[in-house]
Amino acid sequence: LGLKQIKTIEALCRTLQSSDPKLKTHVTVMGPVEAQLSKIASYYRRQILLKGKSATALHTMLHRLLTDNPAFLNSPSVKTTIDVDPVFMM
């Protein structure tokens, strides 16, 4: 992960944090932070954790993320994985 990709991820987090004020009170954006295993097979990894008071608020924020940022999600240099209810954050 190069500087450009890290800045893209940080910009995405800022976008999430500055979303709808009503939604912001129900969802906390934590990250980006290095993953516990920060590099696997020459790929650097970062994590963003969304913590919500309700499933509806999380669903709304993720829907906005997926529809408002198609260039980021389809980037060849940044792979995005969404894990709903992660048991183990590796």
Trainee: Going from CZ on R45 to CG on L37, what distance comes out if it is rounded to the nearest 0.5 angstrom?
Mentor: 6.0 Å

Trainee: Would you please name every residue forming a side chain to side chain contact (heavy atoms under 4.5 Å, CB included) with H26, sequence neighbours left out?
Mentor: K53, A57

Trainee: At what distance, to the nearest 0.5 angstrom, does CD of Q47 lie from CE of M30?
Mentor: 11.0 Å

Trainee: Between K51 and V27, is a side-chain contact (heavy atoms from CB on, under 4.5 Å) present by the stated rule, with each step listed?
Mentor: CA-CA 6 Å; K51 186 176 177 183; V27 178; over 6 Å; no

Trainee: For S38, what residues pass the side chain to side chain contact (heavy atoms under 4.5 Å, CB included) criterion, not counting sequence neighbours?
Mentor: E34

Trainee: Give the intermediate values and the outcome of side-chain contact (heavy atoms from CB on, under 4.5 Å) for residues M61 and L50.
Mentor: CA-CA 9 Å; M61 184 171 273; L50 302 178; 4.1 Å; yes

